[in-house]
Asker: 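Supplied in structure tokens, the structure appears directly below.
The model shown is predicted, which means the values in this text are computed figures rather than measured ones.
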Amino acid sequence: MLHTLKQENIGTIALSNLRKEKFAMGYPFMINVSGLPDFQCYFEYPDGSMSLVMLDNSKRDFIEIKKLSTKEAKQILLDNHLI
């Protein structure tokens with residue numbers, strides 16, 4: 001059990017660091033959620049905004065489906081243990 005908790009803590013720290021690095025470079029952070037349809041995910045942007053996006057047909061770019069409200073974005077972050 002202790003080993004599992006340590007692994008989870010290491011994973012959480014690594015994910016947090018990756019998120020900070022993406023934001024520092026001005027890139028969005030991709031949040032994949034198992035409940036979304038295939039090829040959809042959330043992008044969290046350095047300014048704190050968030051969008052639901054989908055991979056386009058060429059599979060080279062993303063198309064914004066919906067810009068989330070502040071409340072919706074916060075709930076996604078909470079649900080995915082990012083805050």
Asker: Please report the interatomic distance NZ(Lys59) to CG(Asn57), rounded to the nearest 0.5 Å.
Answerer: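 Going from the NZ atom of Lys59 to the CG atom of Asn57 covers 7.0 Å.
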Asker: Using the rule given for side-chain contact (heavy atoms from CB on, under 4.5 Å), can you reason through Leu77 versus Met50, listing the C-alpha separation, both sets of side-chain angles and the distance that settles it, and then say yes or no?
Answerer: CA-CA 10 Å; Leu77 295 174; Met50 190 181 293; 3.7 Å; yes
Asker: Got a second to check how far His81's NE2 is from Ser16's OG, nearest 0.5 Å?
Answerer: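 Between atom NE2 of His81 and atom OG of Ser16 there are 14.0 Å.
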Asker: For the backbone of Leu82 and the side chain of Asn80, can you confirm whether one donor and one acceptor N or O come within less than 3.5 Å of each other?
Answerer: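 Not confirmed, Asn80 side chain does not pair with Leu82 backbone.
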Asker: Using side chain to side chain contact (heavy atoms under 4.5 Å, CB included) as the criterion, list what pairs up with Lys71, not counting sequence neighbours.
Answerer: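 Lys71: side chain to side chain contact (heavy atoms under 4.5 Å, CB included) contacts with Ser69.
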Asker: Is the shortest side-chain N to carboxylate O distance from Arg19 to Glu44 below 4.0 Å?
Answerer: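 Glu44 and Arg19: salt-bridged.
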Asker: Please find the pair of heavy atoms, one from Cys41 and one from Asn32, that lie closest to each other, and give the distance.
Answerer: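 So the minimum-distance heavy-atom pair works out to CB-OD1, 3.5 Å.
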Asker: Distance from Thr70 atom OG1 to Gln75 atom CD, nearest 0.5 Å?
Answerer: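 Result: 13.0 Å between the selected atoms.
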Asker: Is it the case that one hydrophobic cluster holds both Tyr45 and Met54, taking links as side-chain heavy atoms less than 4.5 Å apart, direct or via other members?
Answerer: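 No; tracing contacts between hydrophobic side chains, which count when under 4.5 Å, never links both residues.
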Asker: Between Lys74 and Ile83, what is the shortest heavy-atom contact and its length?
Answerer: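 That closest heavy-atom pairing would be CG-CD1, 3.9 Å.
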Asker: Should Phe29 and Leu78 be regarded as members of a common hydrophobic cluster, given that ILVMFWY residues are connected when their side-chain heavy atoms come within less than 4.5 Å of each other, either directly or indirectly?
Answerer: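 Yes, because Phe29 and Leu78 connect within a single hydrophobic cluster, where side-chain heavy atoms sit under 4.5 Å apart.
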Asker: State, to 0.1 Å, how close Lys67 and Ser49 come at their nearest heavy-atom pair, and which atoms those are.
Answerer: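 Minimum heavy-atom separation between Lys67 and Ser49: NZ-CB, 3.3 Å.
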Asker: Would you please indicate yes or no on a ring centroid separation below 6.0 angstrom for Phe62 and Phe43?
Answerer: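 Between Phe62 and Phe43, which both carry aromatic rings, the centre distance is below 6.0 Å.
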Asker: Can you check side-chain contact (heavy atoms from CB on, under 4.5 Å) on Ile63 and Ile65, steps first, answer last?
Answerer: CA-CA 6 Å; Ile63 300 166; Ile65 297 171; 5.6 Å; no
Asker: Rest of the hydrophobic cluster containing Met25 (Ile/Leu/Val/Met/Phe/Trp/Tyr, side-chain heavy atoms under 4.5 Å)?
Answerer: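 Grouped by the 4.5 Å side-chain rule, Tyr27 form the rest of the cluster around Met25.
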Asker: If you compare all heavy atoms of Val53 against all heavy atoms of Glu64, which two are closest, and at what distance to 0.1 Å?
Answerer: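 Heavy atoms of Val53 and Glu64 come nearest at CG1-CA, 4.1 Å.
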Asker: Locate the shortest heavy-atom distance separating Leu52 from Leu68; write the atom from each residue and the value.
Answerer: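 Reported closest heavy-atom pair: N-CD1, 3.5 Å.
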Asker: Once rounded to the nearest 0.5 Å, what's the spacing between atom NZ of Lys20 and atom CG of Leu15?
Answerer: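 Reported value, rounded in 0.5 Å steps: 11.0 Å.
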